[in-house]
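Lettering of chains follows the sequences in order, A, B, ..., and the numbering in each one begins at 1. Quick note: numbers below take in every heavy atom, side chains included, and nothing from hydrogens, waters or symmetry partners.
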2 protein chains.
Amino acid sequence: MSQPVTLHDVAAAADVSVATASRALSGKNRVSRETVAKVQAVAAELGYRVDPIARALREGSTRIVGMIVPVIGNPYFAQLVDAAEEQLQQRGFELLLADSHGRIDEELRRLTVFGERKVDGIIIVPSDHTASAGALRSIRSNIALVQIDRSAGASLADFVGVDNDVAMTLLLEHLQERGARSVAFVGADDVTSSGLERAEAFRRALERTGLTLVRQVRGQFDTETGVAAADELADGPLPDAIVAGSDLIAFGLISRLRERGVAVPDDVLVTGFDGTALSQIFTPSLTTVVQPIEGIAADAVSFLIGRIEGSAAPVRNSRIAPTLRVGESTTTR
Amino acid sequence: MSQPVTLHDVAAAADVSVATASRALSGKNRVSRETVAKVQAVAAELGYRVDPIARALREGSTRIVGMIVPVIGNPYFAQLVDAAEEQLQQRGFELLLADSHGRIDEELRRLTVFGERKVDGIIIVPSDHTASAGALRSIRSNIALVQIDRSAGASLADFVGVDNDVAMTLLLEHLQERGARSVAFVGADDVTSSGLERAEAFRRALERTGLTLVRQVRGQFDTETGVAAADELADGPLPDAIVAGSDLIAFGLISRLRERGVAVPDDVLVTGFDGTALSQIFTPSLTTVVQPIEGIAADAVSFLIGRIEGSAAPVRNSRIAPTLRVGESTTTR
DNA sequence: GTGAAAGCGCTAACAA
DNA sequence: TTGTTAGCGCTTTCAC
């Protein structure tokens, strides 16, 4: 409501120069005890708050972190944003959010704007496994960068994500225990690194467990892909189990299978991936791997702030193991 | 990568003063045709972009809009954020996102920070029907404000949200057509304006349609509330139908009812509210009212930008009618 | 129509 | 330890 109090006002009221007032408040310079006390008292009384814009112009640093996700509507990304925002907030950073809608051109444009806005760092879920690399390389080198959930190249910047190998092993071993011998995979295509990696991790886990691959369907991480895959799968001989690359895919899959007269888990077992809140509420509740969202966000923010503070450590690639959560989609048989 | 080009560079290269360069680029001052052309050409060639921070310091305006939601994890709010972000983006604004976690103290703190950051406007979903008013009143008067989805007082700022009366009427008339005579309501408590309004709208629609109220349960807009309500309702005599205040509540409700051996829609009809993507995938698919999210976001952004541009029009209160989407939760009986 | 200069609020180099 | 001064990049009087 009232006119903002400037450093000048504080200095005048405390009877010192603006420089001294600035130093007294920042604390990182030698200023006498009394002066510091006086300035702080006056500042508090006047309700002084530094103007972040003036500081940013002067310092070239904004204490703002930009985050770019492909679809905020995906509950997994929403949770990731939520967790990251909270972490950043605690460390005194604000979150500028952008949605790339999974499009590389939008991604580039948003990165550019973030650069112009002089964000201190960017947390990005690269939309394209290969094509995003160019966009990432184009950002100013003084902006810290961390890739989260998906990667556009391990050498580009720190990366934090789920350990897909652990995830697929957990899932396939569970399915094997439940008696499955043949299994189909419905995941995202190779455009996203997570789509690619999960498919590969699935294949490796398949070999280890000795299960038989019946069919693979690849699309996006959304429900529509699950729906379409259900149609494909329902036409052929059913496998014992279907491993979905995301909870959303599993939702679409189960829903459409049911419409086609295929019951889960009675006729076929289905697993999800992400551990979204709804996977427990869904009917049947989903057997899925729970992403360590808090851990991923915490690591990403730590890495990022480390970089912002000037860390020149080698690029890190951090994989966090998920946990298996068993639901009705593989049990009530 | 390269050093940013400043206006000074452009001016030098175009052989004019920085003042002229600034005027030529802004276009809102008298500058000769040739000069404008020359400056623009040089600026383009050099890849000049105004420094938003310097401009913000000078103008006191950032072209950033802050948005505060109670839970980004709620798919409805995620969609709202998505829609608003897109609208803003088109008009040249960035979106600074904050999550109040439904807590009034966090809300106030985030509002304060937004004020300090000199956002041009704020889109807020007030967390508390009454307590948020104080926080909203505390923000600097030169920051535009619009309330979305929930209100903390019609006089405080423009408001845009769904028309709850239309919604409840659509739902109850539909239930009546489906043969329901008694109905229960499970919604959010009076802390949020939407919780309060939906309960009231439900009551009014009840009177109009002549249905009998069996029971009311009030909590939050989340699945847990639905789960808890299911336990309460399953203990007593079941109504013909249950109207939920949100899709999430309906999900929790149906899921828990099923665990308790109550089938939807066979034993009881259930309706949702919001029209989230998952309501179509859920089993059974939900009969629900679809929020006009795009419309709400578009209006909110229009109002906000109007205010940012100085509109002193009387405070508006805009209600957008939802549409009914019929699903299996009230039909396959 | 154009340029010189002030100044938004802040921090840091340089003096004292 | 403290004050003076410059300047971050921009827009906008105020002269010419």
Side-chain angles (χ1 to χ4, degrees), chain A residues 2-40 42-43 46-64 92 113 115-120 140 142, chain B residues 2-40 42-43 46-64 92 113 115-120 140 142:
Chain A
S2 51
Q3 278 310 307
V5 180
T6 72
L7 189 58
H8 188 255
D9 301 331
V10 175
D15 208 32
V16 296
S17 72
V18 284
T20 303
S22 172
R23 286 186 283 245
L25 259 19
S26 77
K28 46 188 171 191
N29 279 287
R30 52 228 78 167
V31 184
S32 77
R33 288 199 159 290
E34 310 94 68
T35 314
V36 170
K38 185 170 54 174
V39 172
Q40 284 182 340
V42 171
L46 265 45
Y48 170 75
R49 310 285 328 245
V50 288
D51 181 330
I53 298 179
R55 170 179 280 176
L57 179 61
R58 179 62 228 227
E59 308 221 288
S61 151
T62 51
R63 292 195 78 77
I64 289 181
V113 173
E116 287 171 11
R117 293 270 184 194
K118 301 233 179 12
V119 298
D120 290 348
R140 311 239 316 282
N142 58 339
Chain B
S2 52
Q3 277 310 307
V5 180
T6 71
L7 188 58
H8 188 256
D9 301 331
V10 175
D15 207 32
V16 295
S17 70
V18 285
T20 302
S22 172
R23 284 187 283 245
L25 259 19
S26 75
K28 46 189 172 192
N29 278 288
R30 53 230 77 157
V31 185
S32 76
R33 288 199 159 290
E34 310 93 70
T35 313
V36 170
K38 184 170 55 175
V39 172
Q40 283 181 341
V42 170
L46 266 46
Y48 170 76
R49 310 284 329 243
V50 287
D51 181 330
I53 298 179
R55 171 180 279 177
L57 179 61
R58 179 62 226 225
E59 308 217 289
S61 151
T62 51
R63 292 195 78 79
I64 289 181
V113 172
E116 287 172 10
R117 293 270 183 192
K118 302 235 179 10
V119 297
D120 290 349
R140 312 239 316 283
N142 58 339

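Heavy atoms only, all atoms of each residue included: B:Val10 and B:Val42 are closest at O-CG1, 3.8 Å. Nearest heavy-atom pair, A:Pro52 versus B:Glu116, reported as atom, atom and distance to 0.1 Å: CD-O, 3.2 Å. The two residues A:Val5 and A:Tyr48 come nearest to each other via the heavy atoms O-CD1, 3.2 Å. Shortest non-hydrogen contact noted between B:Leu46 and B:Ala13 is CD2-CB, 4.2 Å. Taking each heavy atom of B:Lys118 and B:Gly60 in turn, the nearest pair found is CD-O, 4.5 Å. When all heavy atoms of A:Ile53 and A:Asp51 are compared, the pair lying nearest together is N-OD1, 2.7 Å.
A:Ser22 is linked by a side-chain hydrogen bond (donor to acceptor under 3.5 Å, both in side chains) to nothing, counting only residues two or more places apart in sequence or in another chain. Every residue two or more places apart in sequence or in another chain that forms a side-chain contact (heavy atoms from CB on, under 4.5 Å) with B:Asn29 is listed here: B:Arg23, B:Ser26. Here A:Asp120 pairs with nothing under the salt bridge (charged side-chain N to carboxylate O under 4.0 Å, His left out) rule; sequence neighbours left out. Scored by the side-chain hydrogen bond (donor to acceptor under 3.5 Å, both in side chains) test, A:Lys38 finds no partners at all (sequence neighbours excluded). In terms of the side-chain contact (heavy atoms from CB on, under 4.5 Å) criterion, residue partners of B:Arg55 (sequence neighbours excluded) are, by chain and number, B:Val50, B:Glu59. With sequence neighbours excluded, the residues that form a side-chain contact (heavy atoms from CB on, under 4.5 Å) with B:Val18 are B:His8, B:Ala11. Legend: residues meeting side-chain contact (heavy atoms from CB on, under 4.5 Å) with B:Val113, ordered by chain and number and at least two apart, are A:Glu94, B:Arg117.
Taking five base pairs at each end of the helix from C:dG1-D:dC16 to C:dA16-D:dT1 and finding the rotation axis that steps the C1' atoms of four pairs onto the next four gives two axes whose angle is 50°, to the nearest 10°.
If you check residues 31-40 of chain A against DNA chain C, you find no residue with a heavy atom closer than 4.0 Å. For residues 10-17 of chain A, proximity to DNA chain D is found at A:Val16, A:Ser17, defined as any non-hydrogen atom under 4.0 angstrom from a strand atom.
Separating the CG atom of B:Asp9 from the C1' atom of D:dG9 is a distance of 10 Å, rounded to the nearest angstrom. We find that CD of A:Glu116 is positioned 11 Å from P of D:dC10, with the value rounded to whole Å. D:dC8 atom P lies 9 Å from atom NE2 of B:His8, rounded to whole Å.
Close approach of DNA chain C to chain A, defined as any atom under 4.0 Å from a non-hydrogen atom of the protein, starts and stops at C:dG9 to C:dA13.
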Item to complete: Between protein and nucleotides 11-16 of chain D, map the contacts as a letter string: B base, S sugar-phosphate only, - none, heavy atoms under 4.0 Å, written 5' to 3'.
Response: BBB---
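From B:Arg49, atom CZ reaches atom OG1 of B:Thr6 across 15.0 Å, with rounding to the nearest 0.5 Å.
Considering only heavy atoms from C-beta on, B:Leu7 comes within 4.5 Å of B:Leu25 through its side chain.
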